[in-house]
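All remarks here apply to the structure that follows.
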Amino acid sequence: MSEKYNFRTVEKKWQSFWDENGLFAAHDHQDNKYYVLEMLPYPSGRLHMGHVRNYTIGDVLARYKKTSGYNVLHPIGWDAFGLPAENAAIERKSHPAHWTYENIKAMKAQLKSLGFSYDWKREIATCDPEYYVHEQKMFLDFLKVGLAYRKESTVNWDPVEHTVLANEQVVDGRGWRSGALVKKKKLSQWFLRITDFAEDLLSGIDELVGWPEKVRTMQRNWIGKSYGAEVEFKTKDNTLSISVFTTCPHTLFGASFLVIAAEHPVAQGLKGRKDVREFIEECSRLGTSEKALETVEKKGIDTGIRVVSPFEPTREIPVYIANYVVADYGTGAVFGCPAHDQRDFEFAQKYNLPIRQVVQPLVAEETNLTQEAFTGDGTMIHSDFLNDLLVEEAKKKAIERIESLNLGKGITTYRLRDWGVSRQRYWGCPIPIVYCNDCGIVPVPESDLPIRLPEDVSFDKPGNPLDHHPTWSKTICPKCQKPARRETDTLDTFFESSWYFFRYCSPKALSAFEKSVVDDWCPVDQYIGGVEHAVLHLLYARFFSRALRHCGYTTVREPFKALMTQGMVCHETYKTKEGKWVAPDDIHKKGSKAFHLKTQEEIVVGPSEKMSKSKKNVVDPEHIIQEYGADVARLFVMSDSPPEKDLDWSDAGLQGVWRYLNRLWQFVKEAGQREEKVLVLDDMTPIFQNAYRLTHKTIRWVTEDFEHYHFNKAIARLRELSNALFALEPKNDFEKDVVWFSAKILCQLLAPIAPHFAEEAWCTLNGKEVKTISEFGWPRANPSLIEDDHMTLAIQVNGKLRGEITLSKEASEAEIEKQACALEGVQRHLEGRSPKKIIIVKNRIVNVVV
RNA sequence: GCCCGCUUGGUGGAACUGGUAGACACGACAGACUUAAAAUCUGUUGACCAGAAACGGUCGUGCUGGUUCGAUUCCGGCAGCGGGCACCA
């Protein structure tokens with residue numbers, strides 16, 4: 001057995017070669033541009049499999065496009081602000097900046113060792129003042145045009161730590177570190193008016209044909225445009241009026257109660273009552289997440305208030321305060337129609353409220369209104385002037401009547417809410433605002449930017465370090481020069497990731513970016529990242545493009561022309577008995593049980609979930625790179641699963657990839673170094689003809705697979721070709737020329753996925769190192785070698801396979817019928833009967849029906 | 001709870017716009033080489049039935065019903081799993 005393929009030397013050699021020759025530098029203002037981008041990584045400290053998968057997909061694409069002649073922009077950077085850095089500061093006493101930059105250093109080394117074709121000259125870190133200074137300017141510009149404003153909103157408050165908690169940090173209604181019961185608290189915060197663009201963001205989705213349909217649907221649903229009515233419900237004596245938004249005004253005759261949120265002014269006004277006070281208190285422990293709100297057991301409390309049903313002046317219905325009403329959506333009050341809304345149905349059952357059916361199902365299907373609500377289409381009943389109308393018409397007519405009676409109006413609403421960007425945290429971009437006792441809210445003058453984060457902060461005290469820093473927030477009012485106080489909130493980290501793809505185009509610009517360069521490079525031709533970002537990040541980035549365009553920064557409307565959402569890399573989760581997460585690296589398994597490597601404590605094995613830092617179920621790719629090299633890791637993550645599908649991690653198969661590359665290496669060495677010759681098909685034996693044809697077919701297949709991102713299929717094709725070539729036994733120079741040619745093609749097709757290997761093999765086959773493999777261009781298939789002159793037809797009797805025939809492509813239908821019926825397997829199943837019908841699908845099947 | 005997906009051999013997956021289900025790989029088993037093991041090479045491998053073997057037969061794409069000459073693919077219902085739900089990124 002000859003020597004193994006030495007990946008250590010080879011990978012180092014080619015990484016420095018690419019680097020020294022500046023092979024991956026993108027050139028501004030050139031034709032044939034292709035911008036490929038992977039989602040900005042958070043520098044958690046180590047690469048995980050999700051990263052490797054994400055960046056390999058991007059790199060294969062970037063290399064394939066570059067080889068095909070495109071001027072490729074393929075940048076990378078760091079989403080460097082965020083909560084984990086502060087947690088590290090609290091837990092390990094390391095400064096967030098120090099922790100972050102150390103992580104970046106480590107992860108950058110890992111990325112480099114994987115041989116990704118990034119233009120490293122364009123690297124950015126969002127925590128760098130040279131980056132965030134521009135978003136401070138953007139914030140001021142947004143403020144000028146009214147896209148940024150201040151309002152009150154509700155947060156999760158940890159009363160022990162005096163901090164705002166992320167929904168993720170609320171576990172069973174308690175703060176994750178303190179264990180204290182969480183309370184809702186109102187804070188005055190900064191918002192961006194994303195709702196101004198709701199309609200444009202919605203209609204823009206239609207143009208995003210390069211996006212997965214599911215993401216487009218999710219975005220449409222998130223924006224949630226709906227047409228309905230705002231209706232006033234008044235008390236009999238007209239002293240109180242509650243405005244209600246509904247998308248079902250046609251069911252007003254079925255209304256049997258009104259529910260309002262605990263935050264609703266009417267509810268707040270009843271706080272004098274002990275039971276109301278207690279109930280509001282209970283609601284405030286629910287937290288701010290929509291999920292908590294909707295899964296909680298539906299509860300309410302009767303206010304004693306009675307309002308009149310708008311269309312029926314004599315009918316009064318009760319008003320309840322309920323825990324399942326969203327305060328920030330619509331008016332924070334809804335009317336309950338238990339017959340036709342499931343939540344209202346449950347509420348009505350619990351409090352014995354009447355269930356009044358007003359929609360009759362179209363089909364006389366069995367609707368059991370004692371069991372559940374009916375929410376389908378139908379005709380109106382028990383509804384006076386709406387009777388016998390279809391739901392759609394009834395809705396229109398109801399709105400007309402509401403407007404003519406002056407009880408309200410028809411309105412279009414969106415589920416989308418304005419984007420709250422204030423965070424009560426240290427490790428984020430400071431908001432450039434000063435609060436002055438005399439002048440109020442004063443923007444920091446642009447000449448004073450950037451407002452830098454102070455470095456001397458302490459995380460010993462609870463709360464935001466910026467808040468209790470002795471001097472940082474003390475400043476002078478830019479207007480009146482009297483002492484004033486800085487805004488101590490920082491920006492949401494989604495702010496950074498909403499425009500970084502513009503910065504990559506001109507990363508050293510003194511402004512945020514150069515308009516002409518951005519207009520050239522953008523939109524991003526292919527964006528690649530996890531589905532988990534399908535709504536928020538992608539919507540915010542789309543909003544930013546519009547907002548920045550509005551402020552004159554760019555002309556780009558949609559930032560991402562095509563989107564590929566890779567599936568998540570999942571892994572089993574592990575927890576100690578106390579519920580602390582444990583990493584797979586710290587576990588050893590005995591049968592179905594798992595134990596901690598250090599403490600030997602038994603570990604609870606949980607379901608396979610998305611690999612994430614917080615659950616610690618991450619697999620470190622480092623040992624794969626160390627043991628097998630970058631190409632094996634790259635080939636492996638691309639091999640089996642299609643990119644958009646979730647991947648349940650397992651180590652099985654790594655060995656197989658390693659064996660394959662070694663086998664291929666031997667093959668390349670045997671093929672050796674030869675001269676380019678003209679190959680003539682007619683001179684070959686059938687075996688070599690087939691191999692030669694297969695080589696050309698593989699070029700076509702792999703190219704098509706790359707175009708459609710079916711990398712796993714491309715690899716299967718390459719394995720197929722490899723298997724065919726390995727089996728050849730060339731006996732003379734001519735046959736060796738065929739093998740040599742095929743070996744070269746194989747290397748070129750493999751190059752985007754396993755670039756180090758391909759470069760080295762290319763040298764072995766060509767005997768020179770003057771160019772890299774990508775500079776030879778992407779191979780082209782000879783179409784005349786791909787078409788076969790015969791076809792294989794599967795023969796069915798009544799849809800069941802009974803045989804197969806091979807005949808010329810020119811064969812007539814009569815000929816096909818004759819041959820098919822003559823088959824022994826067909827005759828046997830005809831059992832003497834004559835065919836009723838024969839269906840012929842060219843190139844595929846013949847179905848004989850009896 | 002709401003929105004969006006996914007479900008094919010022991011495993012990952014393939015099957016182009018409804019047309020031969022299981023390409024390619026992993027694992028397993030058997031054999032060759034070896035004193036032995038590793039490595040490597042060769043072969044078998046959806047389940048069941050029948051058979052000495054060859055040739056065969058039935059079932060089979062989460063479950064269930066439908067459309068069709070023909071359904072993994074289209075439609076209805078159900079189940080299980082995953083993602084998102086606005087302060088994790």
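Protein chains get the first letters and strands the later ones, always in sequence-line order, with residue 1 at the start of each. Since the model is a prediction, treat every value here as computed from it, not as a measurement. Because only heavy atoms are used, hydrogens play no part in the values below, and waters and symmetry mates are left out as well, while side chains stay in.
- Atoms CG (N662(A)) and P (U40(B)) sit 8 Å apart, rounded to a whole Å.
- Relative orientation of the Y55(A) and H51(A) rings is parallel, given thresholds of 30° and 60° on the angle between their planes.
- Between N464(A) atom CG and C87(B) atom P the separation is 17 Å, expressed in whole Å.
- F543(A) and W419(A) have perpendicular rings, their planes meeting at more than 60° on a 0 to 90° scale where under 30° would count as parallel.
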Inset, instruction - Encode nucleotides 54-62 of chain B as B, S and - characters from 5' to 3', where the letter depends on protein heavy atoms closer than 4.0 Å: B to the base, S only to sugar-phosphate, - to neither. - result: --SSSS---

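- The D79(A) side chain lies nearest to A89(B) when the options are A86(B), C26(B), A89(B).
- Scored by the salt bridge (Lys or Arg N to Asp or Glu O under 4.0 Å) test, K645(A) finds no partners at all (sequence neighbours excluded).
- Which of C69(B), U20(B), A86(B) sits closest to the side chain of L536(A) comes down to A86(B).
- Comparing C4(B) with U20(B), their P atoms are spaced 32 Å from each other, to the whole Å.
- For R53(A) (side chain) and V637(A) (main-chain N/O), no donor-acceptor pair under 3.5 Å exists by modelled atom type.
- The closest side-chain donor-acceptor pair between Y324(A) and D344(A) falls under 3.5 angstrom.
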Sort me out a list of protein N/O and nucleotides 1-6 of chain B N/O pairs below 3.5 Å, or just none if empty.
| residue | atom | partner | partner atom | Å |
| --- | --- | --- | --- | --- |
| G1(B) | O2' | E294(A) | OE1 | 3.0 |
| C3(B) | O3' | N221(A) | ND2 | 2.7 |
| C3(B) | O2' | N221(A) | ND2 | 2.7 |

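- For the segment residues 709-716 of chain A, the set of residues with a heavy atom within less than 4.0 Å of an atom of RNA chain B comprises N712(A), K713(A), A716(A), in numerical order.
- Put simply, NE2 on H708(A) is 16 Å from C1' on A14(B), counting in whole angstrom units.
- A donor atom on one side chain and an acceptor atom on the other are not found under 3.5 Å apart for T163(A) and D158(A).
- Rounded to whole angstrom, the span from the CG atom of D418(A) across to the C1' atom of C87(B) amounts to 16 Å.
- The 5' end of RNA chain B is approached more closely, in terms of each residue's nearest nucleotide, by Q796(A) than by the other of L165(A) and Q796(A).
- Residue R717(A) places no side-chain atom within donor-acceptor reach of the base of C24(B), judged by atom type and a 3.5 Å distance cut-off alone.
- Note on L416(A): a base of the nucleic acid sits closer than 4.0 angstrom, heavy atoms only.
- One N or O on the side chain of S422(A) and one on the backbone of W190(A) form a donor-acceptor pair closer than 3.5 Å.
- A tilted orientation is assigned to the rings of Y42(A) and W99(A), their planes being inclined by 30° to 60°.
- Between the P atoms of G19(B) and G70(B), the separation comes to 15 Å (whole Å).
- Atom NZ of K837(A) is separated from atom P of U68(B) by 11 Å (rounded to the nearest Å).
- Summarising the geometry, the separation between CD on Q566(A) and P on G84(B) is reported as 13 Å, rounded to the nearest angstrom.
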Inset, instruction - Evaluate the salt bridge (Lys or Arg N to Asp or Glu O under 4.0 Å) criterion for residues E86(A) and R425(A): first the C-alpha distance (whole Å), next the side-chain angles of each, then the deciding distance (0.1 Å), finally the verdict. - result: CA-CA 8 Å; E86(A) 289 192 51; R425(A) 316 211 184 275; 5.5 Å; no

Legend entry - Under 4.0 Å protein heavy-atom contact, by nucleotide of nucleotides 71-79 of chain B - B base, S sugar-phosphate only: ---------

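- The existence of a salt bridge linking K697(A) and E720(A) is excluded, since no basic side-chain nitrogen approaches an acidic carboxylate oxygen closer than 4.0 Å.
- Taking atom CD1 on I431(A) and atom P on C87(B), their separation rounds to 13 Å, with Å as the unit.
- S153(A) and Q189(A) form a side-chain donor-acceptor contact under 3.5 Å, judged by distance and modelled atom types alone.
- Counting non-hydrogen atoms of other residues, nucleotides and ligands closer than 6.0 Å to NZ of K291(A) gives a total of 12 or fewer.
- Using a cutoff of 4.0 Å between basic side-chain nitrogens and carboxylate oxygens, E346(A) and K350(A) are not scored as salt-bridged.
- At whole-Å resolution of the value, CZ in R663(A) and P in C41(B) are 6 Å apart.
- Screening F81(A), Y500(A), Y132(A), F544(A) for a ring-ring contact (aromatic ring centres under 6.0 Å, His included) with F495(A), the sole residue that qualifies is F544(A).
- Judged purely by atom type and a 3.5 angstrom limit, N712(A) has no side-chain atom pairing as donor or acceptor with the backbone of S639(A).
- The base of C26(B) is not paired with the side chain of Q655(A) by any donor and acceptor separated by under 3.5 Å.
- An anti orientation is assigned to G43(B), its glycosidic angle lying beyond 90° of 0.
- Aromatic ring orientation, H340(A) versus F374(A): perpendicular (interplanar angle above 60°, classes split at 30° and 60°).
- Side-chain atoms of T488(A) and D467(A) form a donor-acceptor pair, as typed in the model, at a separation below 3.5 Å.
- One N or O donor and one acceptor, one from the side chain of D640(A) and one from the base of G12(B), sit under 3.5 Å apart.
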Review item, nucleotides 32-34 of chain B N/O atoms under 3.5 Å of protein N/O:
none

